[in-house]
Amino acid sequence: MIQVKICGLKTAEAIEAAQNAGANFLGFVFCKKSPRHITYEMAAQLAPLCKTPKVAVTVDATDEEL
């Protein structure tokens, strides 16, 4: 079975659209160089809206960041 992850979500509307489209996983990007980057605070506000598992997208994250 194919499963789909949609990353780079930054708004409640984007989360809702991804879930309505059938995404199996929702990803938040924590790489500061990415235009899709969000802060931990933003992710904490958006996470409760997710009805599917969440994924953190990182690049060279430290143990503390993880």
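Keep in mind that this is a model prediction, so the values were computed, not measured.
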Residue pair K10 / M42: nearest heavy atoms and the distance that separates them: O-CE, 4.5 Å

Distance, nearest 0.5 Å, that separates CD of E16 from CG of L9: 12.0 Å

Identify each donor-acceptor pair in which a side-chain atom of residues 22-35 lies under 3.5 Å from a protein atom, sequence neighbours left out, and give them as a table.
from : atom 1 : to  : atom 2 : distance (Å)
N24  : OD1    : V4  : N      : 2.7
S34  : OG     : R36 : N      : 3.0

Distance, nearest 0.5 Å, that separates CD1 of I38 from OG1 of T11: 10.0 Å

Hydrophobic cluster identity match, Y40 and V59, side-chain contacts under 4.5 Å: no

Show the atom names and distances, to 0.1 Å, of all donor-acceptor pairs under 3.5 Å that link a side chain in residues 47-58 to residues at least two apart or in another chain.
none

